[in-house]
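Hydrogens, waters and symmetry mates are skipped; everything else that's a heavy atom, side chains included, is used. Treat the numbers as computed from the prediction; the structure is a model and nothing was measured.
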Amino acid sequence: MSILDNLSFRQSKFIAGFVVFLSFTSVGALAKSSTDVSDTAKGKYDLGSYTALQAYEAGKLMRAQFKDSLARPYLKYSADKGNADAAYLYAMDVLSDSAGSNVSDLAKKYLIKSANGGQLNASYFLYKNGTWFRNATRLKYRNLYHDGSIELAAKKPGKASYDLYLYYKDLNDSKASYYLKKAQEYDYPSAILNASIKSYNDQNNPVINSLAIKNVEKIAKEGFIPAIRACVDYYENKNDFKTSLEWKEIALQHGDLMSLASLAKIYAGLVSSYKFVKPDLIKANAYLSMYIDNAGKNHFSYLYGMVEDLYSDVSEKMTKEQKSKAKLLVNKYKDKVVFYNYDTLWDI
């Protein structure tokens with residue numbers, strides 16, 4: 001029995017948290033074209049009816065869909081209303097505009113605002129990268145991160161243990177190992193994946209120790225996208241492309257935006273290592289359409305252009321009946337899956 005047969009069609013855990021947000025924005029920000037950046041520059045946003053949390057969730061999702069120019073007004077609005085997570089995401093997004101290791105005054109402002117509001121990632125960043133501070137100030141943020149992680153243990157022991165592992169990994173090897181092990185005992189996904197990595201390849205993707213692949217598969221089946229991606233890479237490196245294809249499909253079911261483009265190319269018959277897969281223009285068209293509908297162009301614009309071109313090429317080869325079936329497939333996912341790109345800033 002295949003992985004897909006064993007895996008129920010479960011959604012990523014975050015989807016439930018977006019139910020209100022999705023209905024709220026159905027005629028709002030997300031209905032705007034990802035290329036419509038002129039209103040962003042002019043600040044034409046009806047944010048007055050958004051709560052800080054709603055604006056944060058909207059901005060977080062749009063940023064993870066490569067729509068940074070649309071996301072920033074929402075994140076800034078939420079940050080200015082006191083949401084520390086939004087302040088951190090806004091600062092890090094602004095920081096991405098900076099050259100090299102420079103941190104702009106605007107990014108500094110919102111990082112400090114976030115850290116002072118209790119956002120542990122912001123405190124960690126300021127401690128590790130706040131070279132413009134006096135040593136005493138950097139020490140303050142180090143202590144904020146440490147003490148905040150200790151307090152977090154009462155509510156989220158797995159995350160707290162992993163945060164403390166990050167804190168100690170450059171300070172005390174034995175304590176770092178202790179907290180990484182504790183985080184694993186709490187089944188914290190990032191800890192399990194981290195402990196399973198034996199090295200990184202040239203693309204900085206994790207190479208999984210074969211003895212730990214079952215642990216990685218377990219958290220992958222629960223919808224942890226970094227683990228799913230690690231499984232794809234693991235089986236591709238083993239030349240087991242049948243199994244890696246199943247994991248790519250699982251990634252799609254859990255909302256991995258990049259898997260849409262990857263699978264579309266496979267079903268269009270364009271990937272040599274997956275030539276055993278029978279071309280399926282219906283799936284290829286549907287996946288390409290979903291990528292175009294969900295992704296923006298602020299990152300990977302070359303990929304967006306490639307997807308548009310491939311969508312046009314595939315559509316020209318399809319019958320009217322095939323196009324109708326592709327649309328039905330799109331609708332099947334539309335109300336069940338939120339597509340986004342999981343990166344290091346998603347799970348904060």
Next item on the list: Would you please test L89 and Y110 for side chain to side chain contact (heavy atoms under 4.5 Å, CB included) and show each step?
Entry: CA-CA 9 Å; L89 273 188; Y110 280 90; over 6 Å; no
Note to self: I'd like to know if the side chain of S315 reaches the main chain of Y311, judged simply by a donor and an acceptor atom lying under 3.5 Å from each other, with no hydrogens or angles considered.
What the structure shows: yes
Next item on the list: Check whether any side-chain N or O of K297 sits under 3.5 Å from a backbone N or O of F66 as a donor-acceptor pair, and report yes or no.
Entry: no
Item checked: S78 side chain vs Y74 backbone, donor-acceptor pair below 3.5 Å -> no
Check: Does the side chain of E236 come under 3.5 Å of the side chain of Y274 through a donor N or O and an acceptor N or O?
Finding: yes
Notebook entry, point to check: Quick one: CG on D343 to CG on L257, what's the gap to the nearest 0.5 Å?
Noted result: 11.5 Å
Margin query: Using a 3.5 Å distance criterion without hydrogens, assess whether the side chain of K128 forms a donor-acceptor pair with backbone atoms of R142.
Written below: no
Item checked: Under 3.5 Å donor-acceptor, Y50 side chain and Y56 backbone -> no
Margin query: Any side-chain to backbone donor/acceptor pair from Y77 onto L47? Under 3.5 Å, distance only.
Written below: yes
Next item on the list: Classify the side-chain pair Y88/N83 by whether it contains a donor and acceptor separated by less than 3.5 Å.
Entry: no
Next item on the list: Could you check Y342 against F224 for ring pair (Phe, Tyr, Trp, His ring centres under 6.0 Å), going step by step and ending with a plain yes or no?
Entry: CA-CA 9 Å; Y342 188 111; F224 187 53; 5.7 Å; yes
Checklist line | Residues K317 and D313 bridged, charged N to O under 4.0 Å | finding: no
Item checked: Interatomic spacing from CD1 in I219 to NZ in K214 - rounded to 0.5 Å -> 14.0 Å
Next item on the list: Run the salt-bridge test on D93 and K76 with the 4.0 Å N-O cut-off and return the result as yes or no.
Entry: no
Note to self: So, taking the atom named CD1 in I225 and the one named CG in N341, what distance separates them when rounded to the nearest 0.5 Å?
What the structure shows: 8.0 Å
Next item on the list: Before giving the answer on side chain to side chain contact (heavy atoms under 4.5 Å, CB included), spell out for K169 and Y179 the whole-Å C-alpha distance, their side-chain angles and the decisive distance to 0.1 Å.
Entry: CA-CA 9 Å; K169 72 174 185 176; Y179 282 111; over 6 Å; no
Note to self: Hydrophobic clusters here meaning ILVMFWY residues chained together by side-chain heavy-atom distances under 4.5 Å, can you tell me if V337 and I292 are in one?
What the structure shows: yes
Item checked: Nearest atoms (heavy-atom pairs only) where I213 meets C231 -> CD1-SG, 4.3 Å
Check: For the hydrophobic clusters of this structure (ILVMFWY residues joined by side-chain heavy atoms under 4.5 Å, transitively), does one cluster hold both I150 and Y188?
Finding: yes
Notebook entry, point to check: Rounded to the nearest 0.5 Å, how far apart are CG of L281 and OH of Y267?
Noted result: 12.5 Å
Checklist line | Step-by-step salt bridge (Lys or Arg N to Asp or Glu O under 4.0 Å) determination, D105 to K109 | finding: CA-CA 6 Å; D105 289 341; K109 173 185 174 181; over 6 Å; no
Item checked: Y340/N294 under side chain to side chain contact (heavy atoms under 4.5 Å, CB included): CA gap, chis, key distance, verdict -> CA-CA 8 Å; Y340 70 108; N294 286 279; over 6 Å; no
Next item on the list: Indicate yes or no: does D68 engage R72 in a salt bridge with an N to O separation below 4.0 Å.
Entry: no
Margin query: Quick check for you: to the nearest 0.5 Å, what is the distance between K265 atom NZ and L260 atom CG?
Written below: 14.0 Å
Notebook entry, point to check: Is the backbone of Y168 close enough, under 3.5 Å, to the side chain of N172 for a donor and an acceptor to pair up by distance?
Noted result: no
Margin query: Let me check something: do L310 and L303 share a hydrophobic cluster, defined by ILVMFWY side-chain heavy atoms less than 4.5 Å apart, either directly or through other members?
Written below: yes
Notebook entry, point to check: To the nearest 0.5 Å, how far apart are NE2 in H146 and CG in L164?
Noted result: 5.5 Å
Notebook entry, point to check: Is a side-chain N or O of K175 found less than 3.5 angstrom from the main chain of Y165, in a donor-acceptor match?
Noted result: no
Margin query: Using every non-hydrogen atom in the two residues, find where K283 and E249 come nearest and quote the distance to one decimal.
Written below: NZ-OE2, 3.8 Å
Next item on the list: Run through F133, Y127, Y124 and flag the one making a ring pair (Phe, Tyr, Trp, His ring centres under 6.0 Å) with Y141.
Entry: F133
Check: Is a salt bridge present between D293 and K334, judged by a nitrogen-to-oxygen distance below 4.0 Å?
Finding: no
Next item on the list: Begin from the C-alpha positions of Q322 and N285 and carry the test side chain to side chain contact (heavy atoms under 4.5 Å, CB included) through to its verdict.
Entry: CA-CA 9 Å; Q322 286 176 317; N285 179 277; over 6 Å; no
Checklist line | Exam field: side chain S149 to backbone Y145, donor-acceptor pair closer than 3.5 Å | finding: yes
Note to self: Salt bridge or not between K325 and E321? Use side-chain N to carboxylate O under 4.0 Å.
What the structure shows: yes
Next item on the list: Establish whether I112 and L139 are linked, either directly or via other cluster members, by ILVMFWY side-chain heavy-atom contacts under 4.5 Å.
Entry: no
Item checked: With L126, the side chain to side chain contact (heavy atoms under 4.5 Å, CB included) member among L144, L111, V103, T137 -> L111
Notebook entry, point to check: When hydrophobic residues are tied together by side-chain contacts of less than 4.5 Å, even through go-betweens, does V207 share a cluster with I228?
Noted result: no
Notebook entry, point to check: Any donor and acceptor pair, going by atom type alone, linking the side chain of S114 with main-chain N or O of A84 inside 3.5 Å?
Noted result: yes
